[in-house]
Amino acid sequence: QTEQATQQRAAVSNGRVIEQRPKSPFRCKGIEMMQIIEINGSEHPVKSGSRRGNIILLSAFVLTMAFAFAAFSIDIGYLSVTKGQLQSAVDAATLAAAMELNPNIDQTAVETNVKNAASEVAGLNAVGNHSGLLLDPSIDIELGRRDWNAANSAFVFSFGPKAVPYNIVRVTGRLDDVWNPVTGQV
């Protein structure tokens with residue numbers, strides 16, 4: 001066998017490849033090719049080189065890419081779920097706050113009731129890894145007024161303490177900082 005391998009190596013180095021054909025015409029899966037070379041007028045089959053180590057490299061690369069894709073997919077899924085939870089919590093807080101709007105009572109009491117209701121309902125809604133959404137009433141909950149402007153045929157929105165009696169509320173939710181309701185600090 002070693003003599004035959006030596007002849008094949010010599011044939012590859014000294015001869016020229018005249019054709020490539022399948023090793024077996026009856027194989028169904030993965031056709032292996034062999035080379036036929038010509039040396040001094042006679043044809044000799046030559047085995048192709050070993051590829052046993054290539055599958056390890058290819059497998060390592062494919063597995064690395066599969067794990068990276070899976071991790072990326074999980075992160076994107078988590079972001080989408082958290083965004084939906086944040087939107088639901090803010091919507092619920094806004095609806096609770098809007099139910100407290102009343103133009104017929106003292107607007108200072110309305111402001112207090114609106115901010116308490118929004119904060120309470122937001123705290124009941126889990127968002128991401130947090131058990132409830134925390135709102136800073138002085139920043140995240142804004143009261144205002146919506147009036148019809150006949151000259152422009154559009155609504156005019158104004159926010160702040162001068163926009164009384166209040167008839168709209170805006171709630172902003174965020175997950176960048178966690179507000180501590182005891183200390184009032186971020």
Side-chain angles (χ1 to χ4, degrees), residues 28-31 51-186:
C28 294
K29 291 183 180 179
I31 298 175
R51 293 197 209 171
R52 290 175 37 198
N54 291 344
I55 194 69
I56 293 172
L57 293 174
L58 183 62
S59 297
F61 178 73
V62 168
L63 281 174
T64 302
M65 294 307 291
F67 284 132
F69 182 73
F72 183 70
S73 298
I74 289 169
D75 286 346
I76 294 298
Y78 176 75
L79 289 174
S80 297
V81 167
T82 302
K83 182 180 176 186
Q85 290 173 338
L86 180 63
Q87 185 66 53
S88 295
V90 168
D91 289 346
T94 303
L95 287 173
M99 290 176 59
E100 297 295 327
L101 293 174
N102 186 350
N104 299 325
I105 63 172
D106 179 35
Q107 295 302 292
T108 307
V110 169
E111 184 175 356
T112 303
N113 293 344
V114 163
K115 291 183 178 190
N116 288 341
S119 296
E120 183 180 338
V121 170
L124 297 174
N125 289 282
V127 178
N129 293 334
H130 305 286
S131 60
L133 178 62
L134 297 174
L135 297 176
D136 182 353
S138 62
I139 298 172
D140 295 330
I141 303 168
E142 297 176 88
L143 291 135
R145 181 159 184 77
R146 180 182 78 163
D147 293 312
W148 178 255
N149 186 340
N152 295 340
S153 297
F155 284 105
V156 176
F157 298 93
S158 56
F159 289 91
K162 295 187 181 202
V164 290
Y166 301 122
N167 63 3
I168 58 173
V169 63
R170 177 169 49 196
V171 177
T172 304
R174 67 183 110 249
L175 289 177
D176 54 353
D177 291 323
V178 178
W179 179 69
N180 186 340
V182 176
T183 62
Q185 301 290 324
V186 175

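Index from 1, following the sequence. Predicted, not measured: the structure shown is a model, and the values here were computed from it.
Checked by atom type and distance alone, the side chain of E142 never pairs as donor or acceptor with a backbone atom of D140 at under 3.5 Å.
In this structure R146 satisfies the side-chain hydrogen bond (donor to acceptor under 3.5 Å, both in side chains) test with no other residue, sequence neighbours excluded. By the side-chain hydrogen bond (donor to acceptor under 3.5 Å, both in side chains) test, N167 pairs with no residue at all, sequence neighbours left out. In this structure N125 satisfies the side-chain hydrogen bond (donor to acceptor under 3.5 Å, both in side chains) test with no other residue, sequence neighbours excluded. Annotation: side-chain hydrogen bond (donor to acceptor under 3.5 Å, both in side chains) contacts of S131 (sequence neighbours excluded): none. By the salt bridge (Lys or Arg N to Asp or Glu O under 4.0 Å) test, E100 is found to be paired with no residue, residues two or more places apart in sequence or in another chain being considered. D147 is linked by a side-chain contact (heavy atoms from CB on, under 4.5 Å) to R145, counting only residues two or more places apart in sequence or in another chain.
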Kindly list each side-chain donor-acceptor pair under 3.5 angstrom involving residues 77-86, sequence neighbours excluded, with atom names and distances?
residue	atom	partner	partner atom	Å
Y78	OH	N129	N	3.4
Y78	OH	N129	OD1	3.4
Y78	OH	N129	ND2	3.4
S80	OG	I76	O	3.1
T82	OG1	Y78	O	2.8
Q85	OE1	G128	N	2.7

Name every donor-acceptor pair, under 3.5 Å, that has one atom in a side chain of residues 66-74 and the other anywhere in the protein, sequence neighbours excluded.
residue	atom	partner	partner atom	Å
S73	OG	F69	O	2.9

Under 3.5 Å donor-acceptor pairs involving side-chain atoms of residues 152-166, not counting sequence neighbours:
none

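Nearest heavy atom pair, residue V127 against residue L175, reads CG1-CD1, 3.4 Å. When all heavy atoms are compared, the tightest approach of A93 to V121 is N-CG1, 3.9 Å. Closest of all the heavy-atom pairs between I141 and A118 is CD1-CB, 3.6 Å.
The list of salt bridge (charged side-chain N to carboxylate O under 4.0 Å, His left out) pairs with a residue in residues 104-114, not counting sequence neighbours, reads E111-K115.
Between the CD1 atom in I105 and the CG atom in N113 there is a gap of 6.0 Å [rounded to 0.5 Å]. In this structure, the separation between CZ on R174 and CG on L133 is 10.0 Å, given to the nearest 0.5 Å. A distance of 6.0 Å separates CD in E120 from CG in L124, rounded to the nearest 0.5 Å.
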> Going through the checks in order, is the side chain to side chain contact (heavy atoms under 4.5 Å, CB included) test met by M65 and V62?
Replying inline: CA-CA 5 Å; M65 294 307 291; V62 168; 5.8 Å; no

> Can you list the steps and then say if L101 with L143 is a side chain to side chain contact (heavy atoms under 4.5 Å, CB included)?
Replying inline: CA-CA 9 Å; L101 293 174; L143 291 135; 3.7 Å; yes

